[in-house]
Protein chains: 2
Amino acid sequence: MADEALSAGAVARRLGVAVTTLRTWHQRYGLGPSEHVPGHHRRYTPADLARLEIMRRLTVEGVSPAEAARWARQSPAVPPPERLGLKAGVSTARDGGGATIPVGRAGPVARGLARAAMRLDSVAIGRTIADSLAADGVVATWEGLLRPVLAGIGERHAATSGLIEVEHLMSRCVSEAFASVARAHPAVGPPRILLSCADEEQHSLPLEALAAALAEIGVSYRMLGARVPAPALVEAVNRTGPAAVVVWSHIRATADPHQLTALLAAPRRPLLVLAAGPGWRADSLPAGVVRPVDLAEALSLAVAVRDSLDQSTAG
Amino acid sequence: MADEALSAGAVARRLGVAVTTLRTWHQRYGLGPSEHVPGHHRRYTPADLARLEIMRRLTVEGVSPAEAARWARQSPAVPPPERLGLKAGVSTARDGGGATIPVGRAGPVARGLARAAMRLDSVAIGRTIADSLAADGVVATWEGLLRPVLAGIGERHAATSGLIEVEHLMSRCVSEAFASVARAHPAVGPPRILLSCADEEQHSLPLEALAAALAEIGVSYRMLGARVPAPALVEAVNRTGPAAVVVWSHIRATADPHQLTALLAAPRRPLLVLAAGPGWRADSLPAGVVRPVDLAEALSLAVAVRDSLDQSTAG
DNA sequence: GTTTCGACGCAGCAATCGACGCAACTCGTA
DNA sequence: TACGAGTTGCGTCGATTGCTGCGTCGAAAC
């Protein structure tokens, strides 16, 4: 009984919101301590906290705050956070405000994901991504959810030179989610596709998306990861003899065509070399290199290679 | 034995606080002699004194007195970190030939892992690590298997300036394995521990090991990942208000003590700041920063923080 | 006679209060 | 397409609250 009184700061820390936000929620939505004398400090009981947990969870899921507050306020007594089978798309009211991430018209789920990222809530981030992956698959999740949110963070990051920690956390969570997909779909057959970032290229997330998409349809691959120097890539090709190599470059600076030329000149030259990512310039690519425009195209190309190999070896 | 009965004045002199403060601590926080008849003189046993020492140390480090008291009150049950059930490698057979990785005396499993890494066989790598994690736990796997192999790769890499692709692949696989552990053990309660690499620090694997170890015992945390600039770290602390922050630095160049100072000066200053990793120099750390020597110690410190917070908020 | 006891009070300081405003998103409208 | 209106999270400011260490005082314990 004595310890049932949490201060405003403690509650804010628990929920991952600012103290001022708690005050705002109190006066705007009536979501405050049940007994509070104006001027005195707020003391939140477990019941009050449970209400706020609901509020936070709903907003993280993309529900508009006003609606979430209405929901939380009428929640009679649900101390443990349970599962409300809430489907996206309920919110009709306006939304926005505060230090948020622009996600364009990517939908409430993306908004919820962006909010979870802003509060560094890796659990919510992971669950949101996993749900979407399970429901819509890798390609749709990447194009419809992850890329908009990541782009929004990057945009904001470029503008304010902040949010680096948010960007990193999102990257990690996305990476983990993709790895989870790969683990859930054991690959069939030997890996004939090699995925690699260009030299000095640090962004490997799109490549991981491709890897997850491949895994999802049962295509086996090898993933080298970020920042692979050209000699190391050639060395890997010579050691493993892949049929197709995908080289990702996110920015111009890492898109040296020379590393593609080196691939084509390797002793065990791959059948297909894909230059993926916005870094590559179409006019500077050596002959024989294919440049997919998006994840879906890269995926279908990779599948085509797999199929052709299946034919040539099985037939 | 002779000093089993310390008077209030003696204890006060020993701790460097006023006698009245001892009385206050007794009646406000229950931090008094275990056996005390009201009206009679207080007699402090060594156990009582130990509790008070904890109380004083924590408050000196900046912990709020109420919180420190809660911590001190249930201190006796803080067993030192032990229990590493790692079965030592007993390999006697020769091994080697070709391009291999030196793993020292880390056992046959490590040698197998190194070979799989050389083959770029991510499936075998992943399975080996997962098996070890399941059998021996995170700490033992890290110390006994992963660290030796990673060190071996790094050593060879430094010597031959090759193997970069092997190093990357291993990193990815280890990272995935740790993420898998984290996913398999859903965390309990809100995250109060923040894990972050130092500015410009690219090695995040040891930090991920700590994260996985925390997850394994059900402790919730937030992981920011590699290359977190000092302002971003402070920003994250202010937004999430963690109780403890672990900052990892692998090399001297990234171990700028200033980022720790900034942490301690943050508006929502964490209870505990841990400077982890071989980069930090003990003599350059600001006061109030703790420097764990290995994974196990960092782990037990983090657990201690968690326990104390559980008491203060829920107990 | 010295030390400690319990009670009371005080001053410094951190946390919080209420009020206000800013920035930024979304949506309707022109 | 551009722009204003409505929303919303949160930073800031001056004032207030409440926690904390410790000094003081008469009485009791050693």
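The chains referred to below are lettered A, B, ... by the order of the sequence lines, with proteins before strands, and numbering in each begins at 1.
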To the nearest Å, how far apart are A:His40 NE2 and D:dA15 C1'?
-> 13 Å
Nearest to side-chain heavy atoms of A:Val17, which nucleotide of D:dC10, D:dC30, C:dG18 | D:dC10
Evaluate ring pair (Phe, Tyr, Trp, His ring centres under 6.0 Å) for B:His26 paired with B:His36, printing each intermediate quantity in order.
-> CA-CA 10 Å; B:His26 187 184; B:His36 174 236; 5.3 Å; yes
Hey, which sits more toward the 5' end of DNA chain C by its nearest nucleotide, B:Thr24 or B:Ser7?
-> B:Ser7
Does a nitrogen or oxygen in the side chain of B:Tyr29 sit under 4.0 Å from OP1 or OP2 of D:dC19?
-> no
What about A:Thr21, does its side chain sit under 3.5 Å from the base of D:dC10 through a donor-acceptor pair?
-> no
What nucleotide, of C:dG18, D:dC10, D:dT20, holds the atom closest to the side chain of A:His36?
-> C:dG18
State whether B:Arg43 places a side-chain N or O below 4.0 Å from either non-bridging phosphate oxygen (OP1 or OP2) of C:dT3.
-> no
A:Glu297 atom CD: more than 12 heavy-atom contacts under 6.0 Å = yes
Gap between atoms CD1 and P, on A:Ile153 and C:dC25 respectively (whole Å) = 13 Å
Nearest whole angstrom, please: distance from the P of C:dT4 to the OH of B:Tyr44.
-> 10 Å
Roughly how many Å is it from CD in B:Gln27 to P in C:dA7, rounded to a whole number?
-> 7 Å
Contact class for A:Arg23 (heavy atom, under 4.0 Å): base, sugar-phosphate, or nothing?
-> base
Distance-only donor-acceptor test (3.5 Å): side chain B:Arg28, base D:dG21 = yes
Kindly assign one of parallel, tilted or perpendicular to the pair A:Trp142 and A:Phe178, based on the angle between their ring planes and the thresholds 30° and 60°.
-> tilted
Within this structure, what is the CG-to-P distance between B:Leu6 and C:dT3, rounded to whole angstrom?
-> 16 Å
Here the distance between atom P of D:dT8 and atom CZ of A:Arg119, to the nearest Å, is 14 Å
Is the closest basic N to carboxylate O distance between A:Asp48 and A:Arg42 below 4.0 Å?
-> no
Identify which nucleotide among D:dT20, C:dT4, C:dC17 has an atom closest to any side-chain atom of A:Ala8, counting heavy atoms from C-beta outward.
-> C:dC17
Side-chain ion pair, B:Glu208 and A:Arg172, N-O less than 4.0 Å = yes
Find the distance A:Leu22:CG to D:dG9:C1' and express it as a whole number of Å.
-> 11 Å
Remember a base hit wins even if backbone is also touched, and classify A:His26 as base, sugar-phosphate or nothing at under 4.0 Å, heavy atoms.
-> nothing
Between A:Arg42 and C:dG18, does any side-chain N or O lie under 4.0 Å from OP1 or OP2?
-> yes
Choosing from D:dG21, D:dC30, D:dT17, which nucleotide comes nearest the side chain of A:His41?
-> D:dT17
Between atom CH2 in A:Trp25 and atom P in D:dT8, what is the gap in whole Å?
-> 11 Å
